[in-house]
Amino acid sequence: VQQAPRRPRRAVDAPPTVVSVLLALPLTVCTVLLVAVPAAIFVVYSFWQDAANPRGLWRRTTLAEYRKAQPAWEALPPVERGQLLRRLAQLILENRERLARLVVAEQGKPLAEARGEIAYAGAFFEWYGEEAKRVYGDTIPAPAGDRRIMVLKQPVGVVGAITPWNFPSAMITRKVGPGIAAGCTVVLKPSDVSPVSAIILTEVLEKAGVPKGVFNLVIGKGRVVGEAICNHSDADMVSFTGSTQAGIKVGEAAARTVK
């Protein structure tokens, strides 16, 4: 009696591994998962570790830098500061697609809106680049004939800029642009929820030729880094955009040193 041939046993699929999943993904996705994401986490984590000592962080990363940079930057003719800002605007527009896709990945808005934000961000630098040479003074009629009253507008000094998560690029240029145009040095604290756009924009500022110490980036929690900026006596002004609750805290902290 001839036995019927046995049916071949069905192979049992092995459970997927991390490597097999990565190999099945497109190359660009693998690059983001293996390179970009860990790099961003490392950068943010490094700043976060330093933020545990906010006063030390402020002094280490900005105090010496802006003290050295402020006199030279203030003395630079407004026309030259304006030229640098217009160069920044051009670089942002040249990298519009890259910056827009970064906003999509980091903040989550649609690509069309992200492209609009980057155009918006570049427009701030262009606008303040033109306004830099229009910081006019005033001559006021004096109460006596032997007197003359003139108003001269000068840089306030060091500006602390605190920006929100929902416009991670445009809100930065909106605050950094007028500060640089006026001859101030700027310390930026972006939202800790969306800090990567700020890191990339820092690269753009360096590429445009912004002198060392004129622009400084500090990343960390608002209640740590933001409070340190508001409380520090060496910060002459604070510009803030965010929630009402956070704005109340910023106002209270800044009032202690009359910013």
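Residues: numbered from 1 along the sequence shown. These numbers were taken from a predicted model, which means no experiment stands behind them.
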Q. Below 4.0 angstrom, N of the basic side chain to O of the carboxylate: do Lys212 and Glu206 qualify?
A. no
Q. Where the side chain of Thr185 meets the backbone of Val214, is there a donor-acceptor pair that is under 3.5 Å apart?
A. no
Q. Should Asn95 and Ile92 count as side-chain neighbours, where that means a heavy-atom distance under 4.5 Å?
A. no
Q) Do side-chain atoms of Asp236 reach the backbone of Val158 as a donor and acceptor pair under 3.5 angstrom? A) yes
Q.
Please check if the number of heavy atoms outside Arg86 that lie under 6.0 Å from its CZ is greater than 12.
A. yes
Q: Take Ile180 and Tyr128 through the side-chain contact (heavy atoms from CB on, under 4.5 Å) test and state the conclusion after the steps.
A: CA-CA 9 Å; Ile180 291 179; Tyr128 288 110; over 6 Å; no
Q: Check whether any side-chain heavy atom of Val176 sits under 4.5 Å from a side-chain heavy atom of Val186, and report yes or no.
A: yes
Q | Polar side-chain atom of Arg96 near backbone of Arg115 as donor-acceptor pair, under 3.5 Å | A | yes
Q) Just how far is it from atom CG of Leu188 to atom CD1 of Ile229, taken to the nearest 0.5 Å? A) 8.0 Å
Q. Using 4.0 Å as the upper bound for N to carboxylate O, is an ion pair formed by Glu80 and Arg87?
A. no
Q. Do Pro168 and Thr163 touch side chain to side chain, with heavy atoms closer than 4.5 Å?
A. no
Q: Could you tell me whether the side chain of Gln70 and the main chain of Gly183 form a donor-acceptor pair under 3.5 Å?
A: yes
(Q) Check this for me, if you would: do Glu252 and Lys249 make a salt bridge, where the nitrogen-to-carboxylate-oxygen distance has to be below 4.0 angstrom? (A) no
(Q) In the structure I gave you, are the side-chain heavy atoms of Pro78 and Val135 within less than 4.5 Å of one another anywhere? (A) no
Q. When you look at Val225 and Ile219, which way does the side-chain contact (heavy atoms from CB on, under 4.5 Å) test go after all the steps?
A. CA-CA 7 Å; Val225 177; Ile219 299 175; over 6 Å; no
Q | Euclidean distance, Gln107 CD relative to Asn166 CG, rounded to 0.5 Å | A | 6.5 Å
Q. If you measure from OH on Tyr136 to CG on Leu152, what distance do you get to the nearest 0.5 Å?
A. 15.0 Å
Q: Inspect the contact between Lys207 and Glu203 and indicate whether a charged nitrogen and a carboxylate oxygen are less than 4.0 angstrom apart.
A: no
Q: Evaluate the criterion side-chain contact (heavy atoms from CB on, under 4.5 Å) for residue pair Ile118 and Ser169; output intermediate values, then yes/no.
A: CA-CA 7 Å; Ile118 299 305; Ser169 292; 3.7 Å; yes
Q: For the pair Glu117 and Lys109, find out whether any cationic side-chain nitrogen is under 4.0 Å from an anionic carboxylate oxygen.
A: yes
Q) Would you say the side chains of Glu106 and Ser194 form a donor-acceptor pair under 3.5 Å? A) no
Q: Output yes when a side-chain donor or acceptor of Arg81 lies under 3.5 Å from a complementary backbone atom of Ala181, and no otherwise.
A: yes
Q. Is a donor on one side and an acceptor on the other found under 3.5 Å between the side chain of Lys189 and the backbone of Gly220?
A. yes
Q. Is there side-chain contact between Pro110 and Val104, with heavy atoms separated by less than 4.5 Å?
A. no
Q: Output yes when a side-chain donor or acceptor of Asn216 lies under 3.5 Å from a complementary backbone atom of Gly213, and no otherwise.
A: yes
Q: Name the orientation class of the two ring planes belonging to Phe124 and Tyr120 (parallel below 30°, tilted from 30 to 60°, perpendicular beyond 60°).
A: tilted
(Q) Is there a side-chain contact (heavy atoms from CB on, under 4.5 Å) between Val103 and Ser197? Walk through the geometry before answering. (A) CA-CA 7 Å; Val103 170; Ser197 290; 4.0 Å; yes
**Q.** Positive for side-chain contact (heavy atoms from CB on, under 4.5 Å) with Leu205, one of Ile172, Val210, Leu84, Leu91
**A.** Val210
Q.
For Pro155 versus Glu74, what's the shortest heavy-atom pair and its separation?
A. CG-CG, 3.5 Å
Q. Is there a donor-acceptor pair under 3.5 Å between the side chain of Ser191 and the backbone N or O of Val193?
A. yes
